[in-house]
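Inspection log for the structure reproduced underneath, given as structure tokens.
Order of the sequence lines sets the chain letters (A, B, ...), proteins ahead of strands, with each chain counted from 1.
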There are 2 protein chains.
Amino acid sequence: MPDEVFMKTPATPPRRPRDGTLRTALVDAGVALLRTRGPDGLSLRECAAQAGVSHAAPAYHFKNLAGLSTAIAARGYSLFCTAMTARLARAANSPTARLNAICHGYLDFASAHPELFLFIFSGQQLDKENDDFAQHSSNAYGILREACAPFVQPGAEPEEVEILVWSVVHGYAHLTMIHKADNPKFRENWPKLDLLLEHLDRALETAVKT
Amino acid sequence: MPDEVFMKTPATPPRRPRDGTLRTALVDAGVALLRTRGPDGLSLRECAAQAGVSHAAPAYHFKNLAGLSTAIAARGYSLFCTAMTARLARAANSPTARLNAICHGYLDFASAHPELFLFIFSGQQLDKENDDFAQHSSNAYGILREACAPFVQPGAEPEEVEILVWSVVHGYAHLTMIHKADNPKFRENWPKLDLLLEHLDRALETAVKT
DNA sequence: CAATCAAACTTGACACTGTCAAGATAAGTC
DNA sequence: GACTTATCTTGACAGTGTCAAGTTTGATTG
């Protein structure tokens, strides 16, 4: 290739696009690392290597490992939202159908991205002041809040229903993911989500009637 | 100090008791580290330093960092059991009173040892073949199973009730701990556990009646 | 068009980590 | 009292996060 003097980009690596390309590439690498190497496999240097940049490049965009972790968690919440809205789109228009739909979406996300689900709720220090994270996580809660609204009795706090619903579906999803690799005897009798939702729906109905 | 030749113990540190002293001291140090420095503050070398031994001493007793983590998790499950049985001892003898008691015990443990609670359920790789861990964790589940037994309908799988109850209380406890440091506006309207238990008890009652 | 400037990295260093191999030392046993 | 073995220590190595300083490069400006 004799005319490499003409093309300035291939000679020196064309990294410097002044958009967020590297940012998203690093988050992609982080998600992949979590999936392939487990919760402890995430590392700034390995993300940098997978993205083809030097070991200190991630620190420029994310400051800390906590910063990268927060960006990964924000990505997770974004996928969370799409999973729930996807189920909502196919649901009937009744309040209980919509409530059950977002619960199934919650579990869909956990099943499709167990490493991200556990990562988000691992209790590690995330930068909750971060705009991206705050927006996506509050979006997710907003979807839950909307689906719960029809079951809030007049004069009652909406959180009473929201935290009840959230507790049931989150507890079920979390325990399911935590015990995913456990002995099959335990997993064989593991009840389906719909079985819990029957109880939940009944509890919310009776609560309205009384 | 001229007569240091007489006292052999102070010259060379008297470490070698051939019982599990160092083991428990290292687990103590690990629990303390988790509390003071957060989920990422656990380290074999720091545990060794706090216990006053060399940096490689923990590897002899626990093989891996995963081994130490498993021992810490086993300690957590043990405290889990004592928290639930303590509430059971003070509970009335009705099935619902006993069920609510273990749920409160579950939350007691999470509130008293948030770092251990989150550590146990952080989804990291623990050695579930380990005898100590297996025994204590199955003990904890046994307590739950016993309290749920009166609500299992004849012919039904006990897991249906157990996972329902476990999901509700675990989801509530986990979400509470995860959002402990969040904005106070959220925490102000956070419902009490008893409010969820009312719904749970009612759901189990109606399930029996139908 | 050339000089400048700041954004987007790279390079190098440091302290810290887990893990392994090899050695030391004391406890218990015969 | 010699031997064996459990319990550590010492030393080394690769890998990690983080910081400081330099370097390249796209854009801006005179």
Side-chain angles (χ1 to χ4, degrees), chain A residues 4-27 29-30 33-34 36-72 119 124-127, chain B residues 4-27 29-30 33-34 36-72 119 124-127:
Chain A
E4 62 182 0
V5 64
F6 279 18
M7 354 155 66
K8 44 184 354 175
T9 35
T12 64
R15 39 178 142 76
R16 204 108 1 188
R18 198 144 311 222
D19 53 355
T21 304
L22 183 53
R23 270 189 87 95
T24 71
L26 289 171
V27 173
L33 268 184
L34 283 180
T36 57
R37 304 197 191 176
D40 300 335
L42 182 66
S43 113
L44 285 175
R45 287 173 111 104
E46 187 62 30
C47 286
Q50 275 201 25
V53 291
S54 87
H55 69 263
Y60 176 77
H61 290 279
F62 302 108
K63 182 88 179 172
N64 279 346
L65 176 61
L68 175 61
S69 298
T70 303
I72 293 174
F119 184 76
Q124 84 199 248
Q125 217 52 350
L126 300 176
D127 177 20
Chain B
E4 63 183 0
V5 64
F6 279 21
M7 356 157 60
K8 48 190 338 183
T9 35
T12 65
R15 34 177 146 78
R16 203 101 10 181
R18 199 150 304 228
D19 52 357
T21 304
L22 182 53
R23 269 190 88 94
T24 71
L26 288 171
V27 173
L33 268 183
L34 283 180
T36 57
R37 304 198 191 176
D40 300 334
L42 182 66
S43 114
L44 285 175
R45 287 174 112 103
E46 186 62 29
C47 286
Q50 276 201 24
V53 292
S54 87
H55 69 264
Y60 175 77
H61 290 280
F62 301 109
K63 183 88 178 174
N64 279 345
L65 177 62
L68 175 61
S69 298
T70 303
I72 292 175
F119 184 76
Q124 84 198 250
Q125 217 53 349
L126 300 176
D127 177 21

Without decimals, in angstroms, what is the distance between [X] [atom1] and [N] [atom2]?
X	N	atom1	atom2	answer
A:Lys63	C:dA7	NZ	P	14 Å
B:Arg23	D:dC8	CZ	P	11 Å
A:Asp40	C:dT17	CG	P	15 Å
B:Leu22	C:dT25	CG	P	19 Å
A:Phe62	C:dA8	CZ	C1'	13 Å

Polar side-chain atom of A:Thr70 near backbone of A:Asp127 as donor-acceptor pair, under 3.5 Å: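 Side chain of A:Thr70 to backbone of A:Asp127: a pair is present.
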D:dC8 phosphate, OP1 or OP2, under 4.0 Å from B:His61 side-chain N/O: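 Answer yes for this pair, as a side-chain N or O of B:His61 is under 4.0 Å from OP1 or OP2.
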Any B:Tyr60 side-chain nitrogen or oxygen under 4.0 Å from OP1 or OP2 of D:dC8: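 No, because none of the side-chain N or O atoms of B:Tyr60 sits under 4.0 Å from OP1 or OP2 of D:dC8.
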Provide the closest heavy-atom pair for [X] versus [Y] in the form atom of the first, atom of the second, distance.
X	Y	answer
B:His61	B:Arg23	O-NH1, 3.2 Å
A:Cys47	A:Leu42	SG-CD1, 3.9 Å
B:Ala51	B:Leu26	CB-CD2, 3.8 Å
B:Leu22	B:Ala57	CD2-CB, 4.5 Å
B:Leu68	B:Phe62	N-CB, 3.5 Å

Sugar-phosphate only, base, or nothing, as touched by B:Ala59 at under 4.0 Å among non-hydrogen atoms: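 Here B:Ala59 touches no strand at all.
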Tabulate atom names and distances for all N/O pairs under 3.5 angstrom spanning the protein and nucleotides 13-17 of chain D.
residue: D:dG17; atom: OP1; partner: A:Leu44; partner atom: N; Å: 2.7
residue: D:dG17; atom: OP2; partner: A:Leu44; partner atom: N; Å: 3.2
residue: D:dG17; atom: OP2; partner: A:Arg45; partner atom: N; Å: 3.1
residue: D:dG17; atom: N7; partner: A:Arg45; partner atom: NH1; Å: 2.6
residue: D:dG17; atom: O6; partner: A:Arg45; partner atom: NH1; Å: 3.0

